[in-house]
Structure formats: C-alpha cells, structure tokens
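Order of appearance sets the numbers: ligands from 1, and atoms from 1 within every ligand.
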Amino acid sequence: MAKEVISRTLEYWKKDLKHVVHPYTNFQKFGEEGSVIYAQGKDHFIYDSDGNQYLDGIAGLWCVNVGHGNEEIADTMAQQSKKMAYYNTFEDAGSIPAAELGAKLSELCPGNLNHVFFSTGGSIANDIAIKIVHYYFNVLGKPNKKKILSRDLAYHGSTYLAHTLTGISSTHMAFDLPHDLIHYLSAPYSYRGQGNMTEEEFCDMLIREMEDAIKEIGADNIACFIAEPIMGAGGVIVPPKGYHKKTFDLCKANDILYISDEVVTAFGRLGHMVSSEDVFGIQPDMIVFAKGLSSGYVPLGATMISDQIYEVISQPKAENPYFSHGFTYSGHALCCEVGLKNIEILERLDFCSHVREWGPYFEEQLNTLTDLPIVGDVRGSHYMLCIENVADKLTKDPFAPEVAIAKRIYYHAKDLGLIIRPIGSLNVLSPPLTYDKDAIDRTVSIVRTSIERVMDDLVRESLWNK
Ligand SMILES: Cc1ncc(COP(=O)(O)O)c(C=O)c1O
C-alpha cells in the first residue's frame, strides 16, 4: 500500500474521531478505537479507505438493496441534478418525480393505499404516520383516540416519537421519552417466549394479551397499532403463523388503525416489493417505507395512506383549513427520481425472484451453524436473517454483556473480509439483493470460522467452557 494512502486514511480517521458524532455509539470505545472509514463499494462488496475489500453482509444498514456503485442510479442522479435537483412541494408546487413515484408506490401497495407523504427516512416517516393518525381522529371528533400499541423489541427509529414507538427499553435510558403515549405488547419472540407451547398456542397467547390490553385501555382511547412484519433491529423476530392476520382483525374490530412499518421488509428483502399482503395477508391502513425505497442512495422515506384516511384529513375545515405539516425536503425531486429508478431496476432485474430463489438456500446454509455449541438459534426469512449466540444451548442462557459475544464474532468476520452486524447477542445478516450463491457460501463459511475462533478465544480467556 502506498505511503500516501495510509497517511490520508489516518487523516480521515483522525478528523472523524475528532468531529463526527456517530449514531448508536459507545463513546468510550469509540474514543479508543475510532471508526473504519469506508470509501467505495461495488455490488455486494465494500472497501475501506485503505482499499481492503469486504463482503457487505448488511447492505450498509439493511438498505443498499440493488447493491453498491450502481451506475444507472449515478447517471439518474446526475441527470436529475442538472434538470432540477429540488423545488418545494408545498400546496401549489409539485415535481414530476414526486408525482411519478407517488403513483408507482400506490400501484405497488395493497388495497387502497393511494396517497403518500414523502420524507427523508424511516424515523420521520413513522413520526408522520402517528401525526396523521392523531390528526385523523381529531378531525373525526374522536380526540381521545391517541394511545398507540407497539411491541417490546420493536424498532421504529430515533426521533423523539419514533424512539418512543421503539420498544427496545435499554435504548430509552437517559432520554425523556413520552411513554404515556405508548402501550408495549409482548414481542412474538418464539425462541424465548414460546416455552412448551405449540406455535398456535403461543400465537393465541399473544392475541389474548392484545385483546386484554384493548379492553383495559379502552378502544375509544387507542388510535393505532404499529408493527414491523418481521422485527428487525430488535432481533429479526418472525411472528408465529397467523399472528399478523389476527392482530389486524383485532384492530379492525376495534376501530384501531394498523400501521405496517416496512422500512426493512419491502423492496425485495423478503422476495416481494411489499410484504404486508403478499407475505402476511393483510391490507394495512398505512405502510411506512424508507431504506430499500432508494437503496440508500439518497435519504428517502414514504408514509402511505389509505383513501379513507386521506378523505378525512383533506376534508374542508372551518377553523384552520391547512394541513399544517411538512418539510422542506418532502417530495425532493432528486430523491424521488432515484426512488423511481431504484424500483425500475429492482423490477427489471427481477430481484424479487432472485431473493425467492436464493433466500431458502441462504436460510438452509445459515442453519447448518446450529451444530456449533454457542449458536442457540438461526432465524429470519430470505435476505433478513440472524444468529442468536448463547452461553448454554440447553438453558438458552446468554453470555454476560461484557463478553460482547456478537462484537467478537463481528471482529473476526471483518478480519476475514465480511461485515455482519452485532446487536446484543445477535449477529444480523441483511445483504444487498445482489448476493448470489458464491456470496452466500463465503458468508456462511466466514461466520462459521469466526464463531470457532471466538470459542477458542473464550476458552483461552477462561470465559466459557465447551
Ligand atoms: C423497521 C424500521 N423502522 C424505522 C427505522 C428508522 O429508519 P431511519 O433510520 O431511516 O430513520 C428503521 C431503521 O433501522 C427500521 O429498521
């Protein structure tokens, strides 16, 4: 490696360490180690500023669905920037890309979700969904319908409101989140919650809990239920069969709006452009998109709204006739054009069929790791998978947090040329949809070697016995 490259890399590393406040970061550790600076990507490979190549097993952060370095998207960005990168979309202004993307998303969504409010990411798109739900019930003259049903381990984002919807309680510490707005139901976490119950009994128990909560809080006080089809950052939790349909029916029976947070599960990750209906058989009142909507090339979020909700919020009102809500970058022309191109690529290259073909193979191969003594569970679906590491497979006891088990596996994998995401005891895999058999095989082989190396390290450090 040329000297100049190394010295430049060190400069970036120093500037980053000194000036950039990173999201979800242990500042003490960051202060000691800083960050790896990533500089380039192509398809499912990513390169750091020293030129080291890694398989990107997490698609940036569950989002680079079409893969890195897509030239068509780059050209689209250049062309739209030259034409018109931005103009506002307030009231009597609009743009061609926003209109086209709105129509395309309405076509992709199930039911009558024919309206979209654009934003710049998943947290904001969820905020918007809740604001619209509250506005909707106020307009209908039901101002008490405010409470939100969410779930333990749900991840819905990091703005004040989206963080409050998030049910990962450890992340709430030292933030003053307004918790009286939310009721958290149990997560449909079979590995730790099902015990001796059958899948059906476990599902029934969760539904009974939701029924009881609705009775206790009162349907007249509940505005909506928000759920990820498969929980992502909370642990890649796949609900028991029939769970979504039953929670959806409960919502319908109680005049509770159903919001499906498809920030991760849409645009091919589960083998369908939108999964709520195609995979789980429901037609939500709202669907929230981000991440794969633009494959991460630009910040873009979308909150889809049903005809019924749109009719109510757009009714003429005597007092303030305005829907007083909006952002400078709602319907950003460049971002919407990228979203359109991204969807066109996903459809033209039929990434959904590719994921439906290779997803089951990925799941099967990753499942071979359950022969390792610390792999307690392998779960997920298609290109949204994880392994849960445990100290004891029989009791499912986790490792002590200070062992940082998943971080150790992540470090070894990185040394071997693969990025996987450590979250608590879990290692998550959510690669670009360009992942093929070769990438899957290399990934599973590197994860196996990494776990084996970690087990050796733990024995050597007297932290664990085989
Ligand atoms: C399901 C889900 N919803 C919302 C968000 C928040 O999206 P963003 O980070 O773009 O604000 C995320 C982010 O990981 C997510 O996984």
Side-chain angles (χ1 to χ4, degrees), residues 21-25 56-65 117-131 148 150-168 171-172 175 177 182 184 187-189 224-239 244 258-270 274-276 279-280 284 286-304 327 329-330 332 335 338-339 342 380-386 419-424 426 428-431:
V21 182
H22 287 244
Y24 270 89
T25 291
D56 181 5
I58 59 170
L61 195 62
W62 334 77
C63 58
V64 188
N65 289 14
F117 200 99
F118 286 117
S119 57
T120 50
S123 307
I124 303 177
N126 278 323
D127 258 37
I128 293 165
I130 301 300
K131 271 185 87 178
I148 301 152
S150 182
R151 300 176 297 169
D152 294 332
L153 298 179
Y155 188 81
H156 297 296
S158 230
T159 56
Y160 246 92
L161 186 49
H163 199 165
T164 310
L165 299 172
T166 291
I168 306 172
T171 70
H172 292 173
F175 292 107
L177 304 175
I182 318 286
Y184 303 97
Y189 190 178
C224 61
F225 172 57
I226 183 164
E228 300 151 88
I230 291 179
M231 299 175 99
V236 189
I237 294 168
V238 184
H244 283 305
Y258 189 107
I259 305 171
S260 184
D261 180 345
E262 289 230 34
V263 166
V264 171
T265 51
F267 303 106
R269 189 150 298 287
L270 301 183
V274 182
S275 74
S276 294
V279 183
F280 298 99
M286 285 185 166
I287 298 183
V288 174
F289 297 128
K291 293 193 189 270
L293 168 58
S294 64
S295 282
Y297 279 77
V298 290
L300 184 61
T303 306
M304 303 302 300
F327 309 99
Y329 297 141
S330 303
H332 191 288
C335 297
V338 168
N342 173 59
S381 177
H382 294 78
Y383 280 28
M384 185 176 179
L385 300 168
C386 91
I419 311 287
I420 49 176
R421 181 148 177 246
I423 306 178
L426 318 174
V428 170
L429 290 130
S430 58

Note, L270 side chain near F280 side chain (heavy atom, < 4.5 Å): yes

Heavy-atom closest contact (Y155 atom, G157 atom, distance): CE2-N, 3.4 Å

Ring geometry between Y184 and H172 (parallel below 30°, tilted from 30 to 60°, perpendicular above 60°): tilted

Mutual orientation of the aromatic rings belonging to Y24 and H163 [parallel < 30°, tilted 30-60°, perpendicular > 60°]: tilted

First-shell residues of ligand 1 [heavy atom, distance under 4.0 Å]: G121, G122, S123, N126, Y155, H156, G157, E228, D261, V263, V264, K291

Greater than 12 external heavy atoms within 6.0 Å of Y329's OH: no

Backbone of R269 reached by a side-chain donor or acceptor of N65 within 3.5 Å: no

